> 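So that we are looking at the same thing, I have put the structure below in structure tokens.
Values in this document were obtained by computation on a predicted structure and should not be read as measured data. Reckoned from all heavy atoms, side chains included, excluding hydrogens, waters and symmetry mates.
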Amino acid sequence: MGKNILPDSNQDFEKLLHYIQQKQIQVFQKVNTALIDLYWELGKVLSEKVKNNEWGKSVVTEFAKYITSNVPDIKGFSDKNLWRMKQFYETYVDHPELSALLREIPWTHNTIIFSRCKSTEERIFYIKRSICEKYSTRNLERQINASLYERTQLGDEKLSSLMRELEPSAKQVFRNSSMYWNS
């Protein structure tokens with residue numbers, strides 16, 4: 001004879017389901033942090049080897065082939081991705097304050113941000129936005145394509161303090177420029 005589910009079992013089920021989901025998020029975050037650490041270290045070695053003229057572009061391609069031939073099941077280590085790891089390291093090596101933030105977003109987000117953003121400030125903006133807003137890859141790309149960073153910088157309350165000090169009427173310049181385009 002089977003047991004009947006008590007009316008409050010659904011509450012227990014919800015609590016357990018919530019617990020499972022929280023643990024899954026923690027596991028993903030730990031795996032992501034480990035992957036970012038791995039890509040950082042590989043990028044560092046590649047950067048130093050190329051910089052010291054120990055390795056050229058062809059050696060990185062050979063390394064990618066070596067990985068594929070020795071561990072065919074391993075994915076994500078094509079020569080293109082290895083060069084991205086190098087670029088990732090070189091982009092952020094002089095910004096240790098970003099170290100923890102970089103590990104909070106997935107690799108794909110990192111590649112989009114470091115390859116598409118022009119300045120450190122813009123990269124910081126999109127990294128923090130990705131964390132706070134929990135952007136999907138598609139949404140992050142949409143925000144960059146829509147120039148969210150630039151639009152935020154031009155907003156009245158978001159106008160940088162440096163810009164306000166240099167030229168109090170700087171925002172007016174941008175507003176006035178639209179009349180030239182509409183002529």
> Is the closest side-chain heavy-atom distance between Tyr39 and Arg84 below 4.5 Å?
no
> Do the side chains of Ile105 and Tyr135 get nearer than 4.5 Å, heavy atoms only?
no
> Any sub-3.5 Å donor-acceptor pair from Ser147's side-chain atoms to Glu150's backbone N or O?
no
> Quick one: closest heavy-atom pair of Ala64 and Ser78, and the distance?
CB-C, 3.7 Å
> Heavy-atom distance under 4.5 Å between the side chains of Glu121 and Gln153, does that happen here?
no
> To the nearest 0.5 Å, tell me how far Gln22 CD sits from Ile20 CD1.
11.5 Å
> Name the orientation class of the two ring planes belonging to Trp107 and Phe114 (parallel below 30°, tilted from 30 to 60°, perpendicular beyond 60°).
tilted
> Do Tyr89 and Leu38 belong together in a cluster built from hydrophobic side chains that touch within less than 4.5 Å?
yes
> Given the rule that I, L, V, M, F, W and Y join up when any side-chain heavy atoms are under 4.5 Å apart, are Leu17 and Phe28 in one cluster?
no
> So does Ala146 get a backbone contact from the side chain of Arg151, meaning a donor-acceptor N/O pair under 3.5 Å?
yes
> Please find the pair of heavy atoms, one from Ser130 and one from Ile113, that lie closest to each other, and give the distance.
OG-CD1, 4.1 Å
> Is any side-chain heavy atom of Thr137 closer than 4.5 Å to a side-chain heavy atom of Leu140?
no
> Check for me, please, whether Ile74 and Leu35 land in the same ILVMFWY cluster - side-chain distances under 4.5 Å, paths through other members count.
yes
> Please test Thr91 against Arg123 for side chain to side chain contact (heavy atoms under 4.5 Å, CB included), starting from the C-alpha separation and ending with a verdict.
CA-CA 10 Å; Thr91 299; Arg123 289 183 189 105; 3.6 Å; yes
> When you group the ILVMFWY residues by side-chain heavy-atom contacts below 4.5 Å and let the links chain together, are Val45 and Phe63 in the same group?
no
> For Ser99 and Pro96, indicate whether the former's side chain and the latter's backbone hold a donor-acceptor pair under 3.5 Å.
no
> Compare every heavy atom of Tyr126 with every heavy atom of Cys117, then report the nearest pair and how far apart it is.
SG-CD1, 3.5 Å
> Just how far is it from atom CD of Glu97 to atom CG of Leu102, taken to the nearest 0.5 Å?
9.5 Å
> Hey, are the side chains of Trp55 and Leu46 touching, using non-hydrogen atoms and a 4.5 Å cut-off?
yes
> Hey, could you give me the OG/CD1 distance between Ser115 and Ile144, rounded to the nearest 0.5 Å?
7.5 Å
> Check for me, please, whether Trp40 and Val31 land in the same ILVMFWY cluster - side-chain distances under 4.5 Å, paths through other members count.
yes
> Say whether, by atom type as modelled, one donor and one acceptor occur between the side chain of Ser47 and the main chain of Gly43 under 3.5 angstrom.
no
> Considering non-hydrogen atoms only, spot the tightest contact between Glu104 and Asn32 and give its length.
C-ND2, 4.1 Å
> Let me confirm one number: the CD-CD distance from Glu48 to Glu90, rounded to the nearest 0.5 Å.
10.0 Å
> For the residue pair Glu133 and Gln143, establish whether any side-chain heavy-atom pair is separated by less than 4.5 Å.
no
> CG/Asn139 to NE2/His109 distance, rounded to the nearest 0.5 angstrom?
8.5 Å
> Taking C-beta and beyond as the side chain, do Lys86 and Val50 meet within less than 4.5 Å on heavy atoms?
yes
> If you measure from NZ on Lys51 to NZ on Lys49, what distance do you get to the nearest 0.5 Å?
13.5 Å
> Are side-chain N/O atoms of Asn10 and Glu14 paired as donor and acceptor at under 3.5 Å?
no
> Is the shortest side-chain heavy-atom distance between Arg129 and Phe125 below 4.5 Å?
yes
> Which of parallel (below 30°), tilted (30 to 60°) and perpendicular (above 60°) describes Tyr92 and Phe88?
perpendicular
